[in-house]
Engineer: 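Starting off with a structure, shown below.
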There are 2 protein chains.
Amino acid sequence: MGKPPVGAGRPPTSVDIARAAGTSQATVSRALNGGRVAAATRERILAISRELGYTPNAAARSMVTSRTGLVGVVVSDLTNPFYPEFLEEIAACLGARRQHMLLQNAAGGDEDAVELLLQQRVDGIVFTAAVEGSAAVAGLVARRFPVVLANRVVDAGCDTVEGDHPAGAAAVVDHLAGLGHRRIAVLAGLPGASTSARRLAGIRDRLAERGLPEARVVETGFDYDRAVRAATELLTGPHPPTAIVGLNDQVAFAALNAAAALGVPVPARLSVAGFDDVRQASWPTLGLTTVRQPLAAMAARSVALLNERVDDPSLAPRHEVLPAELVVRSTTGPRPEAREP
Amino acid sequence: MGKPPVGAGRPPTSVDIARAAGTSQATVSRALNGGRVAAATRERILAISRELGYTPNAAARSMVTSRTGLVGVVVSDLTNPFYPEFLEEIAACLGARRQHMLLQNAAGGDEDAVELLLQQRVDGIVFTAAVEGSAAVAGLVARRFPVVLANRVVDAGCDTVEGDHPAGAAAVVDHLAGLGHRRIAVLAGLPGASTSARRLAGIRDRLAERGLPEARVVETGFDYDRAVRAATELLTGPHPPTAIVGLNDQVAFAALNAAAALGVPVPARLSVAGFDDVRQASWPTLGLTTVRQPLAAMAARSVALLNERVDDPSLAPRHEVLPAELVVRSTTGPRPEAREP
DNA sequence: AGTGGGTGTGTATACGTATACACCCACCGG
DNA sequence: CCGGTGGGTGTATACGTATACACACCCACT
């Protein structure tokens with residue numbers, strides 16, 4: 001008896017609405033998208049479409065408009081709390097422009113992630129996981145596909161947005177040096193990770209400027225478990241550092257936990273600092289001293305740059321640096337008394 | 001001169017490949033998708049498609065196959081670390097089936113999120129944020145749209161997967177009661193959040209069974225900041241509890257932090273327990289006693305149930321309960337000496 | 001030599017939408 | 001009274017892919 005309004009069949013189309021309303025499909029499309037349609041007709045069409053539970057087919061629409069309103073976002077590790085916070089900001093910025101986020105986790109290389117995003121014909125891609133020399137990114141840039149690197153800088157000729165790593169690194173070094181620390185260790189990401197590389201360079205430069213000994217650097221790839229092991233080795237080895245800087249909060253927490261497991265009091269015998277100012281850093285139980293990244297601003301600028309490039313792919317690449325700020329909490333303190341033999 | 005292999009133009013299509021290979025578009029499609037094609041022809045087509053940087057248009061494909069290979073996932077709060085961990089599991093399960101995840105954050109109601117997912121014609125939706133009586137979910141179920149509720153149970157007639165909340169809650173109560181606690185407070189989610197409701201019911205039941213006084217319950221909506229305020233009020237009020245149970249780890253951490261800010265030692269003067277066993281719970285600096293949810297299994301079963309329903313939408317609704325397990329760490333201890341006047 | 005089946009290919013069509021174009025009608029100014 | 005204008009609508013087409021169908025072969029078997 002009639003076609004079932006509630007059933008398993010395929011979803012209603014604009015043609016179904018047209019038939020029900022006694023108009024052409026074109027008029028339905030116009031009514032739904034704000035074209036010139038008689039008020040009465042539009043009213044009728046809207047009513048029917050609501051009654052039928054009509055939902056426009058994004059695929060069909062994108063075929064003719066050649067725009068999807070989707071923006072790809074590639075992250076390297078969702079469980080690093082930095083990313084969820086960043087993604088919420090990104091999603092908010094996109095939402096304001098009626099765009100949506102297509103998230104891809106690129107744990108094992110970004111080739112697959114990019115491939116999927118291209119198949120979905122996203123309007124552009126925001127990378128937060130680009131590794132120096134990523135073939136995937138290079139390929140996109142060569143094709144003039146809209147790409148923004150957020151919190152990452154690669155020499156590829158595309159737009160980038162990052163915190164002021166040199167300034168942040170200098171602030172950490174100044175803070176620790178001011179507390180008397182001289183044996184400073186660093187937990188870094190992989191050598192190819194540009195964020196890590198730039199923060200590390202900033203630390204090295206400042207140490208050199210102040211005539212302080214070089215830092216011991218362990219590359220853990222920002223992997224939590226490896227960072228815990230590295231910190232444990234540092235603390236139980238021959239000349240333990242009096243301060244450990246994690247190049248993101250995730251590994252700084254790892255250092256904190258390694259110290260706790262070993263019974264090393266923080267900050268009495270060990271100072272720890274990080275980068276990002278993730279939400280947990282401000283927890284009283286953790287109280288991590290860290291370099292805050294301007295999350296909201298980074299997200300906003302990333303989305304803005306991307307959309308500008310979508311509208312005009314011939315733009316020259318731009319590089320934006322946003323201010324970063326040291327937040328001192330309770331994991332850093334004066335260098336402990338040396339108790340050499 | 002010639003068509004630019006590297007340029008800003010629209011991406012190459014299967015027709016472009018056909019033209020270059022001197023075949024029909026149909027043969028290209030067959031060659032790319034494993035149809036019967038002469039070996040030599042297939043080879044030539046693959047070479048050309050690689051050379052042109054061809055990427056199939058998912059929209060066009062989905063129009064004819066009426067399958068997108070996309071699965072919608074709705075979460076309520078990405079910054080609750082439970083979700084990133086869960087999403088990684090989900091993504092892994094989907095990847096094994098060559099499906100992909102379309103993530104939606106439903107902070108302010110799930111209507112908009114569902115609408116977008118429907119427009120994208122996802123094959124099905126996994127909800128981790130369904131609130132009791134969600135109109136959006138009810139509508140989907142009525143239309144027989146494939147839906148799975150993970151870690152949520154609503155009386156809507158759809159598939160659900162959840163941890164064993166009653167057992168978990170009983171284990172927490174037994175543990176605390178065994179330590180001598182009698183004044184137990186609970187930080188709960190909103191009344192409509194089914195996970196919260198079921199865990200709370202479990203706690204109440206077990207307290208009653210053991211003849212213990214009723215728990216004081218504060219509904220914070222699983223919001224971190226509100227949970228901190230609530231815990232602070234509990235601890236500074238007239239009859240402070242000796243134990244606080246957070247109905248997820250997020251709010252348990254909030255209690256921990258409130259205690260730390262007030263200088264209340266844990267577990268000496270206050271015991272704290274949570275639900276989920278998020279990664280941070282095992283950190284030595286936090287060491288949260290909590291009820292572990294079987295994350296990987298929940299993800300696997302959710303994806304499996306969803307796909308079974310995609311293949312056969314007429315299936316009767318199924319409800320799976322997976323074992324949960326109490327993990328005792330360092331935030332719970334014996335009830336402190338009563339120091340009444 | 002004729003039939004049958006299998007292999008490789010081309011032709012044609014469908015999916016659902018937006019939009020260029022043509023058309024009709026009512027109205028208004030000259 | 002007529003040409004123009006503009007609002008409202010229908011017709012036709014394009015987007016890129018998968019696939020049903022038809023067809024042209026070639027080989028093997030009776």
Side-chain angles (χ1 to χ4, degrees), chain A residues 3 9-46 48-49 52-70 98 115-123, chain B residues 3 9-46 48-49 52-70 98 115-123:
Chain A
K3 48 181 168 305
R10 78 195 191 317
T13 72
S14 57
V15 176
D16 296 330
I17 300 182
R19 204 170 355 242
T23 75
S24 73
Q25 178 269 332
T27 299
V28 173
S29 178
R30 282 189 286 255
L32 263 34
N33 298 331
R36 315 289 327 154
V37 173
T41 312
R42 149 169 293 128
E43 213 54 46
R44 186 156 35 100
I45 288 177
L46 287 181
I48 294 178
S49 102
L52 257 47
Y54 171 73
T55 306
N57 184 324
R61 167 178 292 166
S62 81
M63 291 223 49
V64 36
T65 61
S66 64
R67 283 247 179 143
T68 56
L70 293 178
R98 330 213 92 252
E115 176 66 17
L116 173 81
L117 295 177
L118 289 180
Q119 288 187 10
Q120 298 293 334
R121 296 293 189 267
V122 294
D123 294 338
Chain B
K3 45 182 171 302
R10 80 196 190 314
T13 73
S14 57
V15 176
D16 295 331
I17 299 182
R19 200 166 2 237
T23 75
S24 72
Q25 179 268 333
T27 299
V28 172
S29 179
R30 282 188 287 254
L32 264 34
N33 297 332
R36 316 268 356 133
V37 174
T41 312
R42 151 169 292 131
E43 211 55 45
R44 186 156 35 101
I45 288 177
L46 288 181
I48 293 177
S49 102
L52 258 49
Y54 171 74
T55 308
N57 185 325
R61 166 178 294 166
S62 82
M63 291 224 49
V64 37
T65 61
S66 65
R67 283 246 179 143
T68 56
L70 292 178
R98 331 213 91 253
E115 175 67 16
L116 174 80
L117 295 177
L118 289 180
Q119 288 187 10
Q120 297 294 332
R121 295 294 190 268
V122 294
D123 295 337

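Here the structure is a predicted model, which means the values were calculated and not measured. In the text below, chain A, chain B and the rest are named by the order of the sequence lines, each starting its count at 1.
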Engineer: Could you go through the side-chain contact (heavy atoms from CB on, under 4.5 Å) check for A:R61 and A:T68 one step at a time?
Structural biologist: CA-CA 8 Å; A:R61 167 178 292 166; A:T68 56; over 6 Å; no
Engineer: So A:S62, base contact, sugar-phosphate only, or nothing? Heavy-atom distance under 4.0 Å.
Structural biologist: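 It contacts nothing in the nucleic acid.
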Engineer: Determine the contact category for B:T13: base if any of its heavy atoms lies under 4.0 Å from a base atom, sugar-phosphate if only primed atoms, P, OP1 or OP2 are that close, otherwise nothing.
Structural biologist: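 Sugar-phosphate, no base atom in range.
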Engineer: Does a side-chain heavy-atom distance below 4.5 Å link B:Y54 with B:L32?
Structural biologist: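 With C-beta onward as the side chain, the pair touches.
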Engineer: Roughly how far, to the nearest 0.5 Å, is the OG atom of A:S14 from the CD1 atom of A:I45?
Structural biologist: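 Separation between the atoms: 10.0 Å.
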Engineer: Below 4.5 Å, heavy atoms only, C-beta onward: do B:N57 and A:Q120 meet side chain to side chain?
Structural biologist: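 When only atoms from C-beta onward are counted, A:Q120 and B:N57 do not touch, as no gap falls below 4.5 Å.
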Engineer: Report the residue (A:V15 or B:T23) whose heavy-atom-nearest nucleotide on DNA chain C is the more 5′ of the two.
Structural biologist: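 The residue mapped nearer the 5' terminus is B:T23.
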Engineer: Near DNA chain C, counting only heavy atoms under 4.0 Å, which residues of residues 25-35 of chain B show up?
Structural biologist: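 DNA chain C contact set from residues 25-35 of chain B: B:A26, B:T27, B:R30.
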Engineer: Under 4.0 Å, heavy atoms only, any strand: does A:S66 hit a base, just the sugar-phosphate, or nothing?
Structural biologist: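 Nothing, no nucleic acid heavy atom in range.
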Engineer: To 10°, what angle do the rotation axes through the five end pairs on each side of the helix from C:dA1-D:dT30 to C:dC27-D:dG4 form?
Structural biologist: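 Angle reported: 60°, given to the nearest ten degrees.
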Engineer: Below 4.0 Å from chain A heavy atoms, what is the first contacting nucleotide of DNA chain C and what is the last?
Structural biologist: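 Going 5' to 3' along DNA chain C, contacts run C:dG16 to C:dA20.
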Engineer: Do B:M63 and A:M63 make a side-chain contact, defined as non-hydrogen atoms from C-beta onward lying under 4.5 Å apart?
Structural biologist: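 Result yes, sub-4.5 Å side-chain heavy-atom pair found.
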Engineer: Taking the side chain as everything from C-beta on, heavy atoms only, tell me whether B:T23 gets closer than 4.5 Å to B:T41.
Structural biologist: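 Yes - at least one pair of side-chain heavy atoms lies under 4.5 Å apart.
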Engineer: Quick one: are B:D16 and B:T13 in side-chain contact, heavy atoms under 4.5 Å?
Structural biologist: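 Heavy-atom side-chain distance check passes, below 4.5 Å.
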Engineer: Heavy-atom distance under 4.5 Å between the side chains of A:D123 and A:L70, does that happen here?
Structural biologist: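 When only atoms from C-beta onward are counted, A:L70 and A:D123 do not touch, as no gap falls below 4.5 Å.
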Engineer: Working to the nearest 0.5 Å, report the span between CZ of A:R67 and OG of A:S62.
Structural biologist: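 Spacing of CZ (A:R67) from OG (A:S62) equals 12.5 Å.
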Engineer: So which atom in A:R121 and which in B:P11 form the shortest heavy-atom distance, rounded to 0.1 Å?
Structural biologist: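 Reported closest heavy-atom pair: NE-CG, 3.7 Å.
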Engineer: What contact category does B:R36 fall into here, base, sugar-phosphate, or nothing, at under 4.0 angstrom with non-hydrogen atoms?
Structural biologist: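 Base contact.
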